[in-house]
Student: 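Would you mind keeping the following structure in view while I ask a few things?
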There are 2 protein chains.
Amino acid sequence: MPNNTINPEDWLTAVDESGFRVTTVQESLIDIFAHSEYPLSAEQAWEIARQSRPKTGRATVYRMVEKLEKLGLIRRLHGYQGCSHFVPTLPELMMLFICLSCGRADYLDSQPLNDLIQQSEHISGHHITDSRLQFFGACADCQQNA
Amino acid sequence: MPNNTINPEDWLTAVDESGFRVTTVQESLIDIFAHSEYPLSAEQAWEIARQSRPKTGRATVYRMVEKLEKLGLIRRLHGYQGCSHFVPTLPELMMLFICLSCGRADYLDSQPLNDLIQQSEHISGHHITDSRLQFFGACADCQQNA
DNA sequence: CGCTTATTGATACTTGGTATCAATAGGGTA
DNA sequence: TACCCTATTGATACCAAGTATCAATAAGCG
Ligand SMILES: [Mn+2]
Ligand SMILES: [Mn+2]
Ligand SMILES: [Zn+2]
Ligand SMILES: [Zn+2]
């Protein structure tokens with residue numbers, strides 16, 4: 001789905017370097033998230049995981065999703081169908097567009113958001129440590145094929 | 001909490017004009033949301049409601065919250081403590097800042113966001129019909145008293 | 001003041017997510 | 001490579017947020 005490169009190897013390295021053991025469940029889940037066309041919920045990831053690894057436990061998937069999110073490798077989407085879907089993190093592309101027609105996520109360059117944060121801090125006097133921006137609508141493709 | 005005026009009367013009018021009956025539960029809940037210092041979850045609103053109206057049903061509060069959200073009178077917050085808290089809607093102030101220290105929400109002028117949307121539509125080719133922006137950090141007050 | 005029906009409250013239920021704990025398997029060491 | 005220690009897993013029970021049901025209540029209209 002993401003228009004940038006995502007390398008599952010790097011994710012495993014990140015898990016390893018954070019002091020966690022690298023396990024086969026992890027490899028399978030990382031692969032699932034890194035290669036999915038669409039945002040996935042833990043429940044959906046579990047379904048997919050069991051296709052190639054039937055004994056995979058539900059709790060394990062939830063634990064893994066939590067870990068990947070904490071490591072900053074995936075990010076939660078706050079959407080119209082709820083707030084339990086995740087997409088891979090692309091650090092320089094923090095602005096997300098979600099197509100309400102096809103469901104895909106598109107990553108946008110975050111520089112304009114950084115500028116907006118600076119400006120807002122200055123105007124409001126608040127110290128902004130994190131932000132979350134999502135757009136919703138019809139993607140370029142879906143407009144064409146409408 | 002909001003730095004602008006919120007008039008519970010107007011909310012009742014909106015409910016009325018949308019063809020719904022105006023009931024005492026509604027009056028009580030609208031008052032609760034319109035006057036709260038902090039974002040409230042349905043569960044919290046229920047607790048408060050029962051103080052002055054003990055027989056208030058839980059499902060009723062959930063239904064009411066849903067209705068108020070659909071009418072655009074309150075908005076869901078997507079925060080660090082989950083995604084089940086609501087604040088009154090102030091149409092021209094769509095950018096929200098949430099203080100991670102005191103929990104209060106601050107409304108920011110949405111013009112810069114509108115500009116950003118225009119710009120993003122142009123660059124990406126997507127048609128943006130809705131957006132959601134939240135900042136997190138330490139509010140001006142909490143920085144002072146730290 | 002009744003009549004009609006939208007709304008409510010009690011209850012049961014579902015869904016998304018957690019806690020527990022014995023069994024398994026990473027991975028460091030010899 | 002074999003062994004050990006313990007992090008991680010899977011099965012299960014559990015919990016909390018939210019929803020469906022349905023009889024009882026109360027808006028609001030004539
Ligand atoms: Mn959310
Ligand atoms: Mn190994
Ligand atoms: Zn699309
Ligand atoms: Zn504060």
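Numbers restart at 1 for each chain; the letters A, B, ... are given by sequence-line order, proteins then strands.
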Student: Of all residues at least two apart in sequence or in a different chain, which pass the salt bridge (Lys or Arg N to Asp or Glu O under 4.0 Å) check with B:E69?
Tutor: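 For B:E69, the residues satisfying salt bridge (Lys or Arg N to Asp or Glu O under 4.0 Å) (neighbours in sequence not counted) are B:R76.
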
Student: Give me the other members of the hydrophobic cluster that B:I123 sits in, counting Ile, Leu, Val, Met, Phe, Trp and Tyr linked by side-chain heavy atoms under 4.5 Å, directly or via other members.
Tutor: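 Under the 4.5 Å side-chain rule, B:I123 groups with nothing.
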
Student: Applying side-chain hydrogen bond (donor to acceptor under 3.5 Å, both in side chains), name anything that partners B:D31, two or more places apart in sequence or on another chain.
Tutor: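 So B:D31 forms a side-chain hydrogen bond (donor to acceptor under 3.5 Å, both in side chains) with B:H35.
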
Student: List the atom pairs, with distances to 0.1 Å, where a side-chain N or O of residues 83-95 of chain B and a protein N or O form a donor-acceptor pair under 3.5 Å, not counting sequence neighbours.
Tutor:
unit_1 : atom_1 : unit_2 : atom_2 : d
B:H85  : NE2    : B:Q44  : OE1    : 3.3
B:T89  : OG1    : B:G72  : O      : 3.0
B:T89  : OG1    : B:L73  : O      : 3.2
B:T89  : OG1    : B:I74  : N      : 3.4

Student: Do we see a donor-acceptor contact under 3.5 Å between the side chains of A:D115 and A:Q111?
Tutor: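 Short answer, yes.
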
Student: Verify the contact: side-chain N or O of A:T23 to OP1 or OP2 of D:dT9, cut-off strictly under 4.0 Å; return yes or no.
Tutor: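 For A:T23, the contact criterion (side-chain N or O under 4.0 Å from OP1 or OP2 of D:dT9) is met.
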
Student: Please list all pairs passing the ring pair (Phe, Tyr, Trp, His ring centres under 6.0 Å) test where one or both residues lie in residues 114-134 of chain B, with sequence neighbours left out.
Tutor: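 Listed once each, the pairs are A:F97-B:H126.
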
Student: Under the rule for salt bridge (Lys or Arg N to Asp or Glu O under 4.0 Å), what residues qualify as partners of B:E27, not counting sequence neighbours?
Tutor: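 B:E27 satisfies salt bridge (Lys or Arg N to Asp or Glu O under 4.0 Å) with no residue once adjacent residues are dropped.
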
Student: For each nucleotide in nucleotides 11-17 of chain D, reading 5' to 3', give B when a protein heavy atom comes within less than 4.0 Å of its base, S when such contact involves only the sugar-phosphate, and - otherwise.
Tutor: B-----S

Student: What integer distance in Å separates B:Q81:CD from C:dG17:C1'?
Tutor: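 Going from B:Q81 (CD) to C:dG17 (C1'), I get 18 Å.
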
Student: Specify the residue among B:V22 and B:R76 whose closest nucleotide of DNA chain D lies further upstream toward the 5′ end.
Tutor: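 Nearer the 5' end of the strand: B:R76.
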
Student: Where do N or O atoms of nucleotides 4-6 of chain D meet protein N or O atoms at under 3.5 Å, pair by pair?
Tutor:
unit_1 : atom_1 : unit_2 : atom_2 : d
D:dT6  : O2     : A:R21  : NH1    : 3.4
D:dT6  : O2     : A:R21  : NH2    : 3.4

Student: Over how many whole Å does the gap from A:E47 atom CD to C:dT15 atom P extend?
Tutor: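 Result: 13 Å.
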
Student: Excluding sequence neighbours, so at least two apart, what forms side-chain contact (heavy atoms from CB on, under 4.5 Å) with A:N145?
Tutor: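 Partners of A:N145 by the side-chain contact (heavy atoms from CB on, under 4.5 Å) criterion come out as none, since no residue qualifies.
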
Student: Mind checking ring pair (Phe, Tyr, Trp, His ring centres under 6.0 Å) for A:Y80 and listing every partner two or more places apart, or none if nothing turns up?
Tutor: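 Expected list: A:F136.
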
Student: In whole angstrom, what separates A:Q26's CD from C:dA25's C1'?
Tutor: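 For the pair A:Q26 CD and C:dA25 C1', the rounded distance is 12 Å.
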
Student: With the side chain counted from C-beta on, respond yes when B:L108 and B:L96 share a heavy-atom pair under 4.5 Å apart, and no when they do not.
Tutor: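 Not in contact.
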
Student: Whole-Å distance between C:dT18 C1' and A:W46 CH2?
Tutor: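 Going from A:W46 (CH2) to C:dT18 (C1'), I get 14 Å.
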
Student: Hey, is CD on A:Q118 packed in by over 12 heavy atoms from elsewhere, all under 6.0 Å?
Tutor: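 12 or below, so no.
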
Student: Kindly calculate the angle separating the two end axes of the helix from C:dC1-D:dG30 to C:dA30-D:dT1, each obtained from five base pairs, and round it to 10 degrees.
Tutor: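 If I round to tens, the end axes sit 40° apart.
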
Student: If I take atom CZ in residue B:R50 and atom C1' in nucleotide C:dT8, what distance separates them, rounded to the nearest angstrom?
Tutor: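 Value for this atom pair: 15 Å.
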
Student: Which whole-number value in Å describes the distance from A:E69 CD to C:dG16 P?
Tutor: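 Between P of C:dG16 and CD of A:E69: 17 Å.
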
Student: In whole angstrom, give the distance that lies between atom CZ of B:F20 and atom P of C:dT8.
Tutor: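 Going from CZ in B:F20 over to P in C:dT8 covers 10 Å.
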
Student: Within the 4.0 Å heavy-atom criterion, would you say B:S41 contacts the bases, only the backbone, or no part of the nucleic acid?
Tutor: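 Nothing: the residue B:S41, judged by heavy atoms under 4.0 Å, touches no strand.
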
Student: Quick one: is B:R53 getting a side-chain N or O under 4.0 Å of the C:dT8 phosphate, OP1 or OP2?
Tutor: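 No, outside the criterion.
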
Student: Tell me, please, which residues at least two apart from A:E43 pass side-chain contact (heavy atoms from CB on, under 4.5 Å).
Tutor: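 For A:E43 the side-chain contact (heavy atoms from CB on, under 4.5 Å) partners, ignoring immediate neighbours, are A:S41, A:W46, A:R58, A:Y62.
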
Student: From NE2 of B:H85 over to C1' of D:dG18, roughly how many Å is that when rounded to an integer?
Tutor: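 These atoms are roughly 15 Å apart.
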
